[in-house]
Protein chains: 2
Amino acid sequence: MRDANAPEVVVRRLALYLRVLNATSADDKNYISSQELGERAGASAAQVRKDLAFFGEFGKQGVGYEVGFLRGEIARILNVDRVVRFVILGAGELGVALARYTQRRRETEHGYPFLLAGLFDVDPSKIGQTVDGTAIEHLDALQDAVKESGVRMALITVPAQAAQEAVNASVRAGIRAILNFAPKSVSVPENVRLHNADVTLDLHHLAYFL
Amino acid sequence: MRDANAPEVVVRRLALYLRVLNATSADDKNYISSQELGERAGASAAQVRKDLAFFGEFGKQGVGYEVGFLRGEIARILNVDRVVRFVILGAGELGVALARYTQRRRETEHGYPFLLAGLFDVDPSKIGQTVDGTAIEHLDALQDAVKESGVRMALITVPAQAAQEAVNASVRAGIRAILNFAPKSVSVPENVRLHNADVTLDLHHLAYFL
DNA sequence: TAGATTGTTAATCGATTAACAATC
DNA sequence: TAGATTGTTAATCGATTAACAATC
């Protein structure tokens, strides 16, 4: 990896490029140009080349990028060339839906890297129920579950007022990356990555353009 | 509104500021400084002041921003000072979860502006079922539903391969803003706003930091 | 070889931060 | 009035775009 300090936006576009390449695999084209990759991912050709240059040289002048090779390289850079285990905190509507959604994609999509390793809640009436074969456990069991299976990623789907505590519990358990769906800003230590995925925030943003 | 051409990032932060102000209402503080608003929204004080300056002057020197007033002004700017009707296309796991989620927030949260106006699918076995009182209709009924109720916003929760067609149907029906949850880049005409909310993309992005 | 497209450098553009006069 | 904080301008920083030599 040439540069570990690639900007946030570059990493985000890398994920986008990978999605395009995954959708291209079945095609009969072996090579793709920065031009076409950019078009299909919503970026300029120059941007594609500059983004990739943060991590190495993956193309051939006059030809383009070998689809399978570039896919493998980007997957490696994003750490999705292996199984990535994650847990969901909060077995409400959204948590259960995301559990089912990721399970289904894992079943149907070759190479889908994300694997649900646990589903946690504090509601006694939910604990013990299963979602697509994964039992809902009490939040107190998180620490052990994370340690046992080496999970480092958590999705937070608890109500707003419980979000910070769920995040704290994740951090204590050794989680390194958190995707927060709760409509609440939460704090994490410097060594933990946090992304926000509050749907309501997107709705507000979009409403501006109405 | 002083400037309709505020950058994307500014509008996004506006939504964040509003979320903080909504959470502040119950407090006994009448005024909030750019410093505190920034801290609680994850922005710098200078950024808060500069962002707000795109739209007008809302503060008092030496004092700060009156919480209720600023909340009202931002709500107005974001067009969420009134009911915003939206539809969901795709009554799968995620679509149904989002339908329930928004319905619940509307019931429990004073001033939550988003109201589900319809839920659409093409699967005959789903059509006619109801989700929290909203009947699942066939996608063919979208056009009429949008025209009748003045809906201008749509959430796309169909499978990737159906995403572009769902978007096209939305555009034909007169939808102006689309939030796309399908793991697929889709195209829209210039006059339609599109945001992407593909969870898998966030997971890929986060995995980079593991 | 000729044509095409990469990787990279320089130029442009835009956003963030710092600083401070205005003023509540 | 004195202290505090806004609104705004100037300085800095970083990302995007344009251009082109290198080379497959």
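Residue numbering restarts at 1 for every chain, and letters A, B, ... go by the order of the sequence lines.
Pair assignment for C:dG3: D:dC24, on the basis of Watson-Crick or G-U wobble contacts that are both within less than 3.5 Å. Across all strands shown, C:dT17 forms a Watson-Crick or G-U wobble pair, both distances under 3.5 Å, with D:dA10.
Side chains of B:Thr24 and B:Arg40: a donor on one and an acceptor on the other come within 3.5 Å.
In terms of phosphate contacts, B:Arg13 brings a side-chain nitrogen or oxygen within less than 4.0 Å of OP1 or OP2 of C:dT16. Contact between the side-chain N/O atoms of B:Tyr65 and the OP1/OP2 oxygens of C:dC24 is not found at any separation under 4.0 Å. Proximity of A:Ser34 to the phosphate of C:dT6: a side-chain N or O atom is located under 4.0 Å from OP1 or OP2.
In this structure, the NZ atom of B:Lys60 is 10 Å from the P atom of D:dG7, given to the nearest Å. Distance CZ (A:Arg12) to P (D:dA15): 15 Å, rounded to an integer number of Å. In this entry the distance linking OH of A:Tyr31 with P of C:dG3 reads 22 Å, nearest Å. Distance A:Lys50 NZ to D:dA19 C1': 13 Å, rounded to the nearest Å. C:dT8 atom P lies 14 Å from atom CG of A:Asp51, rounded to whole Å. Between the CD atom of A:Gln47 and the P atom of C:dG14 there is a distance of 14 Å, given to the nearest Å. Between B:Glu39 atom CD and D:dT5 atom P there is a gap of 12 Å when expressed in whole angstrom units. For A:Glu8 and C:dA15, the CD to P distance is 18 Å, given to the nearest whole Å.
Comment: B:Arg104 does not engage B:Glu107 in a salt bridge, judged by the lack of any side-chain N to carboxylate O separation of less than 4.0 angstrom.
Residue A:Phe58 is classed as a sugar-phosphate contact, given heavy-atom separations below 4.0 Å to backbone atoms only.
A:Phe209 carries B:Arg193 over the face of its six-membered ring, with the cationic atom under 6.0 Å from the centre and within 45° of the normal.
Of the candidate nucleotides C:dT6, C:dT8, C:dT17, C:dT6 has the atom lying nearest to any side-chain atom of A:Ser33. Minimum atom distance to the side chain of B:Ser44 is reached by C:dT17, of the listed D:dA15, D:dT6, C:dT17. When distances run from any side-chain atom of A:Gln61 to the nucleotides C:dG7, C:dC24, C:dT17, the shortest one goes to C:dG7.
Judged by closest nucleotide on DNA chain C, A:Arg49 is the one of B:Pro7 and A:Arg49 placed further toward the 5' end.
Across every non-hydrogen atom of A:Leu203 and B:Met153, the tightest pair is O-CE, 3.5 Å. For A:Ser149 against A:Ala145, the heavy-atom pair with the smallest separation is OG-O, 2.8 Å.
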